[in-house]
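See below for the structure under consideration.
Chain letters run A, B, ... following the sequence lines, proteins first, then strands; residues in each count from 1.
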Amino acid sequence: MTDTPETPRDFIRQIVAADLASGKHGQVVTRFPPEPNGYLHVGHAKSICLNFGIALEFGGLCYLRMDDTNPLRESAHFEEAIVDAVRWLGFDWGPRLTHASDYFEQIHGCAIQLIESGKAYVDSLSPEEIRAYRGTLTEPGRDSPCRTRSPAENLDLFARMRAGAFADGEHVLRAKIDMASPNINLRDPVLYRIRKAHHQRTGDAWCIYPMYDFAHTISDALEHITHSLCTLEFEDHRPLYEWILDNLDLPSRPRQIEFSRLNLAYTVTSKRRLAALVESGEVSGWDDPRMPTVAGMRRRGYPPAALRDFASRVGVTKKDHQIEMGLLETCVRDELNRNAPRALAVLDPLKVVLHNWPEDHVEWLTAPNHPERGDLGERSIPFTGEIYIERDDFMEDPPRKFHRLKPGGEVRLRHGYIVRCDEVIRDESGQVVEIRCSCDLESRSGSDNPASQRKVKGTIHWVSASHAVQAEVRLYDRLLATERAEARDEDFRAGLNPASLAVREGALLEPALATAAPGDVYQFERLGYFVADRKDHAPGRAVFNRSVTLRDTWAKIGTSA
RNA sequence: UGGGGCGUAGCCAAGUGGUAAGGCAGCGGGUUUUGAUCCCGCCAUGCGCAGGUUCGAAUCCUGCCGCCCCAGCCA
């Protein structure tokens with residue numbers, strides 16, 4: 001996996017290839033630096049595929065680095081979830097699982113360096129004052145009165161900050177850059193703040209914690225990251241990133257390159273909003289199958305290879321974009337079509353009695369598990385005189401081109417026989433409760449009888465009544481009713497799709513499905529791909545989640561007509 | 001209105017002065033005992049707009065227009 005692509009697919013890979021070709025770097029080193037304060041989502045998956053993918057393709061290394069500089073928001077639980085997600089996506093960081101907190105001592109040393117060289121100072125303004133002094137987008141800021149403190153005084157103050165002599169918020173350490181800079185990130189950014197909080201890894205060893213820009217830049221340099229890839233919103237931070245590199249004595253000089261973050265239509269890809277959905281109970285958790293989190297997509301039955309494929313098809317640019325859900329679904333279908341065994345299941349059962357079928361006779365039919373892959377084997381399906389079909393597959397007064405069951409019409413029962421609808425039975429309310437059919441006993445699928453070659457317009461799925469396995473099937477749809485979420489936080493939950501989850505309690509499965517293990521994905525023929533739920537599916541209680549429907553050109557004709 | 005970015009088809013995206021790749025979606029057709037899969041074909045006289053340079057411009061220049069990001073002791 002060390003082949004360098006002939007034509008790098010995107011501008012970042014072009015830069016990497018050029019840096020390798022010119023000898024600027026002997027080996028590429030990247031990193032994926034999540035903050036352990038939430039679950040990873042599809043946008044992170046894109047970044048993971050980029051960073052780990054580049055390392056793989058160019059024979060380099062990629063670190064998985066936890067950006068744990070804010071003990072108030074982070075937890076070991078989230079860290080575990082992140083590690084799980086990256087591993088599940090198929091990437092390997094070897095011994096390179098690191099933490100910004102691993103470098104707290106060195107980062108602290110860097111702060112001292114800056115103080116000594118007169119490039120950082122302790123500011124004793126309140127948070128409100130700092131904000132006021134910062135100016136606005138169009139007006140320059142003003143120097144803090146503390147800006148002229150001597151290195152000696154700053155050293156002393158900073159030492160006492162570290163020693164815990166002050167309360168949260170009393171002082172901060174700031175870089176001395178330029179309060180009049182048109183780039184607000186350069187108006188003496190805060191480097192360290194006091195936080196008397198327990199850190200999940202360093203415990204109570206520290207009561208001052210470095211800010212993102214400072215910790216991140218130094219961590220990159222210490223790990224000899226060659227290409228530090230991040231999203232567009234950090235573009236304005238790059239001058240600060242470079243300032244830090246310029247003014248410190250560090251072992252390497254990484255280059256930051258920005259790309260646009262992934263936006264997916266009909267869902268949210270903001271950690272804050274995902275957290276809001278979890279906390280409000282709108283979804284069952286971070287791994288709810290409707291969530292665009294890696295955990296959610298996993299539980300939904302999306303294969304990791306599909307997500308990698310998606311990341312590669314989406315590309316890497318600096319353009320703002322909004323990717324259609326359809327592309328993700330196509331990737332999922334492509335992968336599952338190749339690999340998922342087929343099975344028969346009925347979500348909304350309608351009883352069918354074959355009145356000429358020999359009473360109590362059970363015939364075990366043999367069916368391949370995949371139409372193109374013999375290696376997936378075959379299984380037996382019981383055929384009997386009382387079966388269930390999908391309610392949608394029968395219409396008393398169907399439109400033209402309806403290739404399913406209708407009064408007097410014939411259909412092929414998948415892998416079985418051709419049946420003709422002779423009679424429709426309804427209850428007092430007029431609801432169709434049973435169809436009585438005659439079965440062409442010579443028409444068994446795959447038999448040598450000429451009758452088995454008869455062309456009938458439709459083939460439908462079915463399940464033997466006496467062998468059916470009861471199941472709960474959860475049908476998922478897009479999280480949002482509109483393509484993009486409302487801009488305002490207060491409004492975005494109002495845009496949720498009320499039909500994002502529909503439960504079919506009375507679904508019936510062919511008996512072979514009784515042995516499905518949690519996480520197994522099948523194609524329920526003509527319906528879609530379904531995964532045995534990782535949490536709720538158990539022997540004796542079948543629970544399947546619909547990963548994605550099959551492409552359905554018939555449904556499309558129906559809606560456009 | 002300061003600074004930083006970005007505008008190529010419905011959605012993505014190549015393209016770096018030589019006459020608009022590819023994918024998704026869509027449309028048409030073929031195969032098919034899953035209306036699936038698979039296969040074939042079609043789909044930008046035009047690259048935000050207007051000028052200019054050039055034999056030649058999506059690519060260079062000028063001027064507009066539009067969209068995104070930044071004023072956390074969050075990342």
Could you check whether [X] gets within reach of a base, just the sugar-phosphate, or nothing at all, counting any heavy atom under 4.0 Å?
X: Arg73(A); value: base
X: Gly141(A); value: nothing
X: Thr69(A); value: sugar-phosphate

Can you check whether [X] has a side-chain N or O nearer than 4.0 Å to OP1 or OP2 of [N]?
X: Arg134(A); N: rG72(B); value: yes
X: Arg187(A); N: rA71(B); value: no
X: Lys318(A); N: rG7(B); value: no
X: His321(A); N: rA13(B); value: yes
X: Arg412(A); N: rU34(B); value: no
X: Thr317(A); N: rA13(B); value: yes
X: Lys455(A); N: rU33(B); value: yes
X: Arg193(A); N: rA75(B); value: yes

Carboxylate-amine/guanidinium contact [X] [Y], below 4.0 Å:
X: Arg195(A); Y: Asp168(A); result: no
X: Glu223(A); Y: Arg31(A); result: no
X: Glu235(A); Y: Lys318(A); result: yes

**Asked** Taking the nucleotide of RNA chain B with the closest heavy atom to each, which residue, Val314(A) or Gly458(A), is nearer the 5' end?
**Response** Val314(A)

Counting distance alone, no hydrogens or angles: does the base of [N] have a donor or acceptor under 3.5 Å from a partner atom on the side chain of [X]?
X: Arg404(A); N: rG35(B); result: yes
X: Asp236(A); N: rG3(B); result: yes
X: Gln453(A); N: rU33(B); result: no

**Asked** Between His216(A) and rA75(B), do the rings stack, that is, sit under 5.5 Å apart with planes less than 30° off each other?
**Response** no

**Request:** Answer yes or no for this row: Tyr212(A) ring on rA75(B) base, centroids under 5.5 Å, planes under 30°.
**Result:** no

**Request:** Sugar-phosphate atoms are those with a prime plus P, OP1 and OP2; base atoms are the rest. Using that split, label each nucleotide of nucleotides 22-31 of chain B B, S or - for protein heavy atoms under 4.0 Å, 5' to 3'.
**Result:** -SSSS-----

**Message:** Using the rule given for side-chain contact (heavy atoms from CB on, under 4.5 Å), can you reason through Lys46(A) versus Leu307(A), listing the C-alpha separation, both sets of side-chain angles and the distance that settles it, and then say yes or no?
**Reply:** CA-CA 8 Å; Lys46(A) 170 185 175 180; Leu307(A) 296 179; over 6 Å; no

**Message:** Which label fits Phe158(A) and His108(A): parallel for a plane angle under 30°, tilted from 30 to 60°, or perpendicular past 60°?
**Reply:** parallel

**Close residues, residues 157-179 of chain A, relative to RNA chain B [heavy-atom separation under 4.0 Å]** = Gly169(A), Val172(A)

**Prompt:** Rounded to whole angstroms, how far apart are CG on Leu186(A) and P on rG2(B)?
**Reply:** 18 Å

